[in-house]
Amino acid sequence: MQEIKPLLKTTIAEALNRLGVAELPEIIVQETPPGKEGDYGTPVAMGLARVLRKAPPLIATEIAERLTLPAWVRRTFVTGGYLNFELEPAFLAQTASQPLEPLTPQPGKVLLEHTSVNPNKELHVGHLRNICLGDSLARILRFAGREVEVMNYIDDTGRQAAESLYALEHFGLGDSEGDQKYDHFAGEAYVRLHQEMQDPEKKTTIEHGVQETLHRLERGELRGAVERILRAQLETMYRLGAEYDALVWESDIVREGLLEKAMQALEGTPYVHRPTEGKYAGAFVMDMSPFIPGLEDPYLVLIRSNGTSTYTAKDIALQFWKMGLLGGVKFKPYDTQPSGHALYSSAPEGQPMGFGAATETINVVDARQSHALRIVQASLEVEGRPDLAQHCFHLAYETVLLEGQQMSGRKGITVSVDEVLDEAVRRARAIIAEKNPEHPSPETAAEAIGVGAVRFAMIKSEAKKQIDFRYEQALSFEGDTGPYVQYAFARACSILRKAEEQGLGGEAPDFSQATAYELELAKVLLRFRETVQEAARAKAPHLLAQYLLDLAAAWNTYYNAKTPEGKPATVVLGAPEGLRGLRLGLVRSLQRTLQLGLGLVGLQAPEVM
RNA sequence: GCGCCUGUAGCUCAGUGGAUAGAGCGUUCGCCUCCGGAGCGAAAGGCCACAGGUUCGAGUCCUGUCAGGCGCGCCA
């Protein structure tokens with residue numbers, strides 16, 4: 001499937017040269033609006049009106065006269081200031097029927113971090129958006145030719161992990177083997193601990209225990225206990241379709257001395273100090289004012305006066321490692337993920353591997369932490385590497401409300417991802433039982449559809465828009481939803497299956513028989529490639545999700561099209577020979593494109609629903 | 001106080017400076033003797049928050065105002 005717009009742009013540029021236009025303007029080629037004549041058009045003449053001191057229609061005509069048209073352009077015409085192109089229908093149909101060529105590999109390596117959930121309780125819907133966004137973006141970037149390394153950061157030395165582990169011990173639950181998923185089990189202990197901390201007397205004891213647990217965590221003594229929670233969380237992530245290349249544990253970053261090395265590196269710059277008096281006496285601080293203007297207080301504490309490091313310091317060390325300023329983390333194989341792809345984990349007993357040292361990083365983190373990430377980015381400038389800072393991207397997403405309310409772990413206003421997925425699959429199962437009782441594998445399909453609905457709901461809007469998670473909306477299977485796209489795919493599969501049964505699979509297409517109905521579908525198909533590239537460039541998976549809705553809608557419209565007399569206009573299998581071959585070819589292309597596109601946003605494509 | 005983000009149909013949202021601002025949900029009315037009705041068609045519903053500006057052209061860019069969300073610790 002080649003791209004038509006770039007070819008037209010080149011053709012127009014040549015004509016402009018012949019016209020004597022010295023400085024070529026940006027040439028925009030767009031589809032003509034529905035109902036308008038022609039297939040593609042350009043407004044380039046309007047921008048040239050002032051330079052050439054002529055009326056736009058006249059300029060458009062002069063450009064048209066100097067075009068060296070490819071054989072597949074049937075005619076050009078001027079309307080308003082626009083120069084429009086009408087293409088040979090056979091060419092459009094044929095181009096849209098051809099398989100997509102792979103996109104060209106791009107240099108450099110992207111390190112994309114997402115998920116990074118505290119290993120202390122089950123995932124809730126707030127984590128959903130992060131995982132779906134990050135995983136979809138990774139898939140899109142890879143398809144667009146980027147080398148991508150997906151990393152999930154495990155904060156195993158944080159207070160949250162310590163509280164859960166201490167709670168399990170404190171309540172004597174450490175070794176219990178309930179039938180409950182272990183992350184939920186640990187989460188309940190965590191919540192119970194917080195309830196008990198309401199009591200000031202108990203709080204002192206608990207605080208003591210948590211501190212002690214924190215130290216044991218830092219020494220790496222409780223790794224097994226953390227892993228048990230992590231493994232349970234990974235089940236949920238896998239169920240969502242998310243996979244990773246490497247888990248990086250905070251305790252390993254610290255143990256490998258990356259924190260010290262990062263601080264030493266910064267110490268060599270003029271921007272870090274150890275004040276001996278004043279507010280920051282005894283602390284290790286960094287002056288951010290040259291890099292972030294308008295700060296009230298330019299100083300940022302990296303090491304507290306009591307010797308402990310701040311979160312920012314650890315984040316800076318991690319970022320330095322990601323961009324190759326620090327080495328030394330070792331890895332070992334950790335898991336085989338559902339797709340068969342190996343997952344590695346940092347580990348003291350591991351081997352040096354090629355992770356890290358990326359030319360570009362993407363951190364999928366909610367927008368509330370924009371300031372913190374800005375500081376991490378600026379620390380690269382402090383270190384004298386503005387070139388690296390420039391390739392440090394924060395994919396910021398707004399928070400997820402739950403039925404209009406701000407979520408809160410402590411107040412119990414939250415819903416777990418497992419719970420949401422179970423409910424979605426339950427609903428999908430019920431609909432399959434109702435609509436397709438003969439379904440050959442209802443369980444597999446229900447899983448694909450239920451999970452797909454949730455995942456699609458998480459990525460169909462722009463990341464910077466706050467979204468409200470509502471059951472009725474996120475678990476809907478009608479309208480602008482994942483199952484709508486999946487349904488369009490299943491429908492195409494159904495036709496292709498029947499074609500094979502009837503021995504029509506090899507019928508040759510006669511592209512000259514293409515009708516206006518085919519052309520509408522073909523033009524949407526031809527947008528796929530540029531859409532993926534734009535989604536990758538803008539790091540915006542929602543662009544692809546929106547396109548898939550467009551493509552599915554175009555296909556459904558085509559499928560239901562009727563002649564003015566009300567007769568079916570676009571029957572595939574019952575069409576005359578040649579036209580049938582053409583239609584089968586288009587349906588095959590549509591089916592492939594939907595499958596590919598669904599895969600890029602992390603949805604399965606069930607052949608039967 | 002300073003900074004970032006958002007404001008488009010009753011609701012939820014699309015909309016690389018270009019042609020008549022589009023979907024879904026909801027409402028009303030139609031469409032399976034056509035390959036899957038989780039679908040399709042039609043109707044109704046818009047001072048694109050407001051005011052200036054830039055431009056041949058602004059929902060889109062700039063400035064200001066208003067409204068909402070979030071951030072600005074030797075917390076994690």
Side-chain angles (χ1 to χ4, degrees), chain A residues 26 28 30 32-36 41-44 46-50 55-56 79-82 84 118 155 158-160 279-285 292 294-297 299-306 308 310-311 366-372 374 396 398-399 401 406 428 431-432 434-436 449 453 460-462 464-468 470 472-473 476-481 483-484 486-488 490-499 502 530 534 537-538 542-543 545-546 549-550 552-553 555-562 566-575 583 587 608-609:
Chain A
E26 190 197 356
I28 292 166
Q30 56 200 132
T32 54
K36 285 272 178 187
T42 177
V44 71
M46 288 186 259
L48 290 170
R50 194 222 285 268
T79 169
Y82 290 92
N84 283 3
N118 277 315
D155 181 4
R159 188 176 170 94
Q160 315 242 28
K279 189 178 167 191
Y280 295 112
F284 184 60
V285 300
I292 306 179
L295 289 175
E296 246 174 73
D297 182 347
Y299 289 104
L300 183 99
V301 175
L302 295 173
I303 309 288
R304 301 183 188 101
S305 46
N306 69 6
T308 58
T310 60
Y311 254 56
D366 79 80
R368 287 176 300 192
Q369 302 193 48
S370 294
H371 184 65
R374 178 76 191 86
E398 276 299 334
T399 47
L401 299 178
Q406 202 64 244
I431 292 176
I432 291 170
E434 175 201 328
K435 294 180 188 279
N436 194 357
I449 295 162
K460 74 175 173 186
S461 301
E462 261 184 303
K464 63 184 174 190
K465 290 245 164 70
Q466 184 167 71
I467 56 176
D468 186 5
R470 295 185 191 171
E472 287 315 314
Q473 217 165 289
S476 166
F477 300 155
E478 290 167 18
D480 283 349
T481 66
Y484 174 84
Q486 291 172 320
Y487 181 72
R491 210 175 211 184
C493 287
S494 175
I495 291 176
L496 295 173
R497 218 165 26 238
K498 287 197 165 61
Q502 297 172 24
E530 65 187 60
E534 180 57 17
R537 192 199 61 73
H542 84 280
L543 293 175
Q546 291 292 336
L549 290 171
D550 280 353
W555 162 233
N556 281 327
T557 298
Y558 176 84
Y559 182 92
N560 282 293
K562 297 193 176 58
K567 296 270 173 59
T570 53
V571 177
V572 176
L573 299 175
R583 286 179 173 168
V587 174
V608 182
M609 284 177 69

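Each chain gets a letter, A, B and so on, in the order its sequence line appears, and its residues count up from 1.
Using a 4.0 Å heavy-atom distance criterion, A:Thr399 is classed as making no nucleic acid contact. Backbone-only contact: A:Glu462 has heavy atoms under 4.0 Å from sugar-phosphate atoms and none from a base. Note on A:Ile303: nothing from the nucleic acid sits closer than 4.0 angstrom, heavy atoms only. Across all strands shown, A:Ser494 has heavy atoms under 4.0 Å from base atoms, whether or not it also approaches the sugar-phosphate. Within 4.0 Å (heavy atoms only), A:Leu543 reaches sugar-phosphate atoms of the nucleic acid but no base atom. Using a 4.0 Å heavy-atom distance criterion, A:Lys562 is classed as a base contact. Heavy atoms of A:Ala569 sit nowhere under 4.0 angstrom from any nucleic acid atom. Among the protein residues, A:Val608 comes within range of the nucleic acid bases, having at least one heavy atom under 4.0 Å from a base atom. At the heavy-atom level, A:Glu534 lies nowhere under 4.0 Å from the strands shown.
Applying the 3.5 Å distance criterion, the base of B:C74 shares a donor-acceptor pair with the side chain of A:Ser305.
Nearest to the side-chain atoms of A:Asn556 among the listed nucleotides B:A76, B:C13, B:C40 stands B:C40. Checking B:G24, B:G39, B:C74 against the side-chain heavy atoms of A:Lys279 singles out B:C74 as nearest. Side-chain atoms of A:Tyr311 lie closest to B:A76 of the nucleotides B:G15, B:C31, B:A76.
The phosphate of B:G7 (OP1 or OP2) has a side-chain N or O of A:Lys465 nearer than 4.0 angstrom. Under 4.0 angstrom from either OP1 or OP2 of B:C70 there lies no side-chain N or O belonging to A:Arg368. One finds no side-chain N or O of A:Arg374 lying less than 4.0 angstrom from the OP1 or OP2 phosphate oxygen of B:G71. OP1 or OP2 of B:C4 has not a single side-chain nitrogen or oxygen of A:Lys464 nearer than 4.0 Å. Close to B:G15, at under 4.0 Å from its OP1 or OP2, lies a side-chain N or O of A:His542. Contact annotation: A:Thr481 side-chain N/O to B:G24 OP1/OP2 distance is not under 4.0 Å. In this structure, A:Tyr484 reaches the B:C40 phosphate: one of its side-chain N or O atoms is under 4.0 Å from OP1 or OP2.
With contacts defined as side-chain heavy-atom distances shorter than 4.5 Å, the pair A:Asp155/A:Tyr311 qualifies.
In this structure, CD1 of A:Ile432 is placed 17 Å from P of B:G36, rounded to the nearest angstrom. For A:Tyr487 and B:A38, the OH to P distance is 4 Å, given to the nearest whole Å. For the pair A:Asn560 CG and B:C40 C1', the computed distance is 4 Å after rounding to whole Å.
Under the 90° criterion around 0 for the glycosidic angle, B:C48 counts as anti.
Between A:Tyr558 and A:Trp555, the ring planes are parallel. Angles under 30° get that label, and only those over 60° would be called perpendicular.
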* Where does RNA chain B pair, written as one dot-bracket string 5' to 3', with Watson-Crick or G-U pairs under 3.5 Å, ( ) inside the strand, [ ] for crossing pairs and | for another strand? -> (((((((..((((....[...)))).(((((.......))))).....(((((..]....))))))))))))....
Please enumerate all protein N or O atoms sitting under 3.5 Å from an N or O of nucleotides 18-20 of chain B, with distances to 0.1 Å.
from  : atom 1 : to      : atom 2 : distance (Å)
B:G18 : O2'    : A:Tyr82 : OH     : 2.1
B:A19 : O4'    : A:Tyr82 : OH     : 3.2
B:A19 : N1     : A:Asn84 : OD1    : 3.3
B:A19 : N1     : A:Asn84 : ND2    : 3.2

